[in-house]
Amino acid sequence: MKVIIRRPRREVEMPGSRRVRDLLQELKINPESVLVVRGDELLTPDELVKDEETVEVVPAISGGSDDEV
Amino acid sequence: MKCKTCPGKAVIDMRRHNAAFCKDCFIVHAERQVERTIESDKMLSKDDRVLVAVSGGKDSLTLWEVLRRLGYHTTGFHIVLGIDHYSPQARATVEAYAKKNSLPLIVTHVKEEYDFSIPELAQYTRRVPCSACGLSKRYLMNRAALEGSFSVLATGHNLDDAAATLLGNLLHWQTPQLGRMGPALEATHPKLVKTVKPLIRLTERETLAYAMLRGIDYHDDECPNAIGATSLFYKDLLNQLEHASPGAKQSFYFGFLKKGRPAFLSAQADGVELKECEVCGQATTTETCAYCRMMDLARRTATARGR
C-alpha cells in the first residue's frame with residue numbers, strides 16, 4: 001500500500017495489507033493527532049487497507065499565534 | 001466499527017466518549033456539542049451580531065459553518081497577515097467560503113493598514129512571529145468588533161488549543177492569564193467586546209473531521225512561522241497523554257475551569273484597572289496598550305534601519 005503523509009509531505013510504501021491502527025503504529029504516528037483517509041472516506045482504526053490501495057494521513061494539529069484561551 | 005447511534009458504518013472513533021459515529025451522526029453530534037456549549041456558557045443569543053474570526057483554516061471555517069447552520073447572525077473577519085504564499089491562499093479560501101454561502105466578510109490587511117506585515121513586526125520588535133501575530137490578532141479583532149458594533153466576537157479555539165494554552169500557563173505560573181482562561185469572557189470595559197469560543201468541547205481532530213465531512217474547502221497549509229512553535233510541542237505532549245488515557249485533555253481543561261480557575265480569579269483582578277490607551281483609545285492596563293507599544297517600537301527600529 002501507499003501511505004501519503006502530509007506536513008512534511010512524504011510517501012511511504014508498505015508491503016501487504018494491514019489495519020489502520022497497525023499502519024499508524026508502524027509509522028509511529030499518534031492516532032489522536034491525525035485522521036486517515038482513503039479517497040473521500042474517513043477510516044476508523046479497525047479498517048483494513050489493502051495492499052493495492054492508497055491512504056492519506058491528514059494531520060489534525062495546527063499551531064501558531066499565542067492566545068489566551 | 002459500527003455507529004453508536006444508528007446501524008451505519010462508523011467513520012470516526014472517539015475514545016474519550018467511548019463511541020464511534022457514522023458521517024451523519026457525527027455531524028449531528030458535533031453541532032449539538034457546539035449548541036450545548038453556547039447555551040450552557042450563555043455565549044450567544046439569536047439577537048447578537050456575531051463577528052467570527054476566520055483564518056481560513058479548518059477550525060475557524062468549521063465555527064462559521066456551525067454558527068451559520070444554527071441560525072446566528074454572523075459576519076466574518078479575516079486578517080491578512082502578510083506572510084508570503086500563506087496569506088494570499090488563506091484570504092482566497094475565506095473569500096470563497098463567504099461568497100459561496102452569501103455571508104458578509106470584513107478583511108483587514110495589516111501591511112496596508114498598519115504599515116507592517118507580521119514577519120516585519122517580528123523582525124523589528126525582536127518578538128517571535130507567533131507572539132507578534134497573537135497580539136495583533138487580539139487587538140485587531142476587538143477593534144473590528146467595536147467599530148462594527150458587534151455584540152460578540154467568536155473564535156475557533158478548540159479543546160486542544162485550550163489544553164495547550166493551559167499547560168503553557170501552568171508551566172510558567174502565569175496567574176493573571178490563568179484567571180482569564182475560559183470559553184466565554186464578558187466585556188469588562190466599554191472598549192472590550194465579549195469573546196466566546198464555541199468549539200471548546202471539540203478536539204482538533206473532531207473539527208478536522210467535521211470540516212472534511214461537511215465538504216468545507218479550508219486552507220490546509222500550516223503557517224510557516226508556526227513550525228517549531230511551543231504550542232505544537234504542548235499539543236503533541238497532550239496527545240500522547242490522550243492516547244494513553246482517553247479523556248485526559250477534556251479532564252485537564254474542564255477540571256481546571258471548575259476547580260482551578262476560581263483560585264486565580266483574584267490574581268486577575270488584583271490591582272488591575274482597565275483604562276483607555278492614550279494612543280488608540282482601546283482598553284489597557286497601562287498608559288499605552290501593548291499593541292501601540294509594539295507598533296511604536298517597530299516604527300522606531302524601522303526608521304533607525306533606514307526603512
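Throughout, protein chains are lettered first and strands after them, A, B, ... in sequence-line order, and every chain is numbered starting at 1.
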Asks: Answer with side chain, backbone, both or neither: which region of B/M212 has an atom nearer than 4.5 Å to a non-hydrogen atom of chain A?
Replies: side chain
Asks: Whether B/K249 and A/E32 form a salt bridge (side-chain N of Lys/Arg under 4.0 Å from carboxylate O of Asp/Glu) is what I want to check.
Replies: no
Asks: Tell me whether the count of non-hydrogen atoms from other residues, nucleotides or ligands lying under 6.0 Å of CD in A/Q25 goes above 12.
Replies: no
Asks: Using modelled atom types only, decide if a donor and an acceptor are shared between the side chain of B/K23 and the backbone of A/L42 within a distance under 3.5 Å.
Replies: no
Asks: Checking B/D59 against chain A: side chain, backbone, both or neither under 4.5 Å from a heavy atom?
Replies: side chain
Asks: Check A/S33 against B/N239 and note the closest heavy-atom contact, atom names and distance.
Replies: CB-ND2, 3.7 Å
Asks: So, A/E41 and B/K9, do they make that salt bridge, N to O below 4.0 Å?
Replies: yes
Asks: Against chain A, label B/A20 side chain, backbone, both or neither, depending on which of its atoms sit under 4.5 Å from a heavy atom there.
Replies: neither
Asks: Can you measure from CD (B/E204) to CG (A/L35) and round to the nearest 0.5 angstrom?
Replies: 11.0 Å
Asks: B/L213 versus chain A, heavy atoms under 4.5 Å apart: side chain, backbone, both or neither?
Replies: side chain
Asks: To the nearest 0.5 Å, what is the distance between CG on B/L241 and CG on A/N30?
Replies: 10.0 Å
Asks: Using a cut-off of 6.0 Å, state whether more than 12 heavy atoms not belonging to B/D217 lie near its atom CG.
Replies: no
Asks: Is chain A contacted by the side chain of B/R15, its backbone, both, or neither, given a heavy-atom distance below 4.5 Å?
Replies: side chain
Asks: Does any backbone or side-chain atom of A/V37 lie under 4.5 Å from a heavy atom of chain B? Answer side chain, backbone, both or neither.
Replies: side chain
Asks: Flag the pair B/D236 / A/I61 as yes when at least one side-chain heavy-atom distance between them is below 4.5 Å, and no otherwise.
Replies: no
Asks: Would you name the heavy atoms of A/P31 and B/R205 that are closest together and state the gap between them?
Replies: O-NE, 3.2 Å
Asks: Using only atom types and a distance under 3.5 Å, with no angle test, would you say the side chain of B/D13 pairs donor to acceptor with the backbone of A/T44?
Replies: no
Asks: Using only atom types and a distance under 3.5 Å, with no angle test, would you say the side chain of B/K235 pairs donor to acceptor with the backbone of A/S62?
Replies: yes
Asks: Roughly how far, to the nearest 0.5 Å, is the CD1 atom of A/I29 from the NE2 atom of B/H243?
Replies: 12.0 Å
